[in-house]
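Okay, so here's the structure we're looking at.
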Amino acid sequence: MNYKITGGKILKSDQDRLYIKEETLYVTDGRVYEALPEEKRKESFETVDASDRLIMPGLINLHTHAYMTLMRSYADDVPFDEWLFQRIMPVEDRLPQEAGYWGSMLAAMEMIRTGTTTFMDMHMFRGQSARAAEETGLRAYIGRGLVGEDLYGDGLSRFEDVLKEQEAYESDRVRFVLAPHAIYSASPRLYAQAAEEAEKRGMLKTTHLSESDNEVMNCLKQYGKTPVEVICETGFLDEKTSLAHCVKMRGMDLAILAGAGSSIVTNPASNAKLGNGLAPLKRFTESGVNVCLGTDGTASNNTLNLFREMGLMGLLHKAAEEDPSLAPAEDVVRMVTTGPARALGLENELGVIRDGAMADLVFIDLTEPSLFPGNNIISSLCYCANGAEVCSVMADGKFLYRDHVYTTIDTERVRHEVDRLVKEYL
Ligand code: NI
């Protein structure tokens with residue numbers, strides 16, 4: 001289907017700034033255009049009236065665990081180690097494969113509803129998250145959490161999972177990444193092997209890094225180095241790597257990450273909720289590292305709503321550093337658009353609205369009281385929007401949600417199946 005979108009305010013970006021421009025957009029073959037290419041001009045276009053709408057690029061959530069929606073608000077207000085090892089992991093061990101699918105479908109519902117069109121997922125159920133992305137129309141980067149000493153020894157079955165699901169599901173829209181879980185669950189050797197495999201296969205990489213004090217202390221005890229230093233020596237850090245958390249940065253850690261050209265995915269709600277503190281944003285900015293936003297899973301957030309995450313990002317750092325100039329709204333909006341697009345190697349193609357970019361678009365109702373009047377719409381995206389203002393969402397040129405109606409998800413069925421699984425396994 002081709003669309004001609006008229007009357008909307010468009011969120012545009014260039015190197016230096018974000019700005020709003022009123023113009024007509026054309027969507028064809030999964031791409032968006034301001035000026036339609038000559039060869040397309042004779043085709044027919046359905047007109048979409050976007051009066052009173054802001055159209056922004058689809059939001060990108062660069063770190064989550066989609067299946068975890070099943071454990072939303074299940075293990076709250078407990079310390080990190082107890083949360084992970086005593087509450088979450090035992091449930092994960094008894095969940096059946098289909099839980100990965102239905103949990104990811106519920107995650108897709110929430111992401112679409114709140115304007116997210118791309119997510120990077122670390123999962124534990126082969127093919128289930130990929131299937132959900134494939135069916136719902138979301139853009140996805142999917143990695144199985146790799147653990148163990150040796151990728152070709154005790155880590156082999158999980159690595160094979162990745163290759164099998166890659167073979168079954170990889171497309172332009174659903175891609176696979178290599179994702180060692182963390183330095184406390186995967187050895188330096190496994191990180192080195194994953195880096196080599198990623199290079200050989202042209203895959204992106206991700207991992208959890210320096211999330212808690214315990215992680216850093218145990219790593220110093222075991223290796224005499226910080227997690228960043230250990231992982232750097234394995235060759236895992238380069239511009240194709242995104243690193244979730246990076247809350248506990250010591251010594252040369254940030255200089256190492258910036259020097260490698262890796263991207264940081266900060267997760268303010270999850271870090272706050274698990275009592276891990278607040279990432280050092282001021283030092284991130286000074287180091288010049290690419291900063292992106294993620295929600296982490298719903299067992300530690302407890303939502304996948306990037307508007308809430310942007311609000312927290314904009315407020316928490318100002319409070320902690322007693323500096324209102326930190327985390328300005330425009331920078332925060334970039335953390336869910338142009339920043340993660342760069343981390344994915346899709347600068348100028350994703351996270352932007354310009355000729356030939358991917359047609360991942362979010363329509364926001366500017367008449368909602370939370371956004372009215374529009375004195376500074378970009379600022380309002382960070383400080384005022386709560387996600388409920390999203391009225392339509394398009395990914396890859398197709399509506400996944402149109403005028404508040406899902407087009408690819410049987411929401412009643414998803415709720416029913418999730419309810420059944422929770423009753424049986426939690
Ligand atoms: Ni995580």
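All figures in this text were calculated on a predicted structure; none of them were measured in a lab. Residue numbers count from 1 along this sequence. For ligands, and for the atoms within them, numbers begin at 1 and follow the listed sequence.
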>> Strictly below 4.0 Å, N to O, side chains only: are R131 and E135 in salt-bridge contact?
In response: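 Yes, this pair counts.
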>> Under a 4.0 Å threshold between the charged nitrogen and the carboxylate oxygen, would R283 count as salt-bridged to E286?
In response: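 The answer is no: the pair does not qualify as a salt bridge.
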> Got a sec, which residues hit side-chain contact (heavy atoms from CB on, under 4.5 Å) with I256, two or more places apart in sequence or on another chain?
Replying inline: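 Result, side-chain contact (heavy atoms from CB on, under 4.5 Å) vs I256: V228, E229, C232, L237, M252.
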> If waters are left out, how many protein N/O/S atoms lie within less than 2.8 Å of the Ni ion (ligand 1)?
Replying inline: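 Total protein N/O/S atoms under 2.8 Å from the Ni ion (ligand 1): 4.
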>> A side-chain contact here means heavy atoms from C-beta on lying under 4.5 Å apart; do T117 and V393 qualify?
In response: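 Contact flag for T117/V393 side chains = yes.
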> Does H208 have any ring pair (Phe, Tyr, Trp, His ring centres under 6.0 Å) partners at least two apart in sequence or in another chain, and if so, which?
Replying inline: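 Per chain and number, H208 pairs via ring pair (Phe, Tyr, Trp, His ring centres under 6.0 Å) with H63, H65, H181, H245.
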>> Considering only residues two or more places apart or on different chains, which pairs with a residue in residues 332-352 satisfy salt bridge (charged side-chain N to carboxylate O under 4.0 Å, His left out)?
In response: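 Pairs touching residues 332-352 that pass the test: R31-E349.
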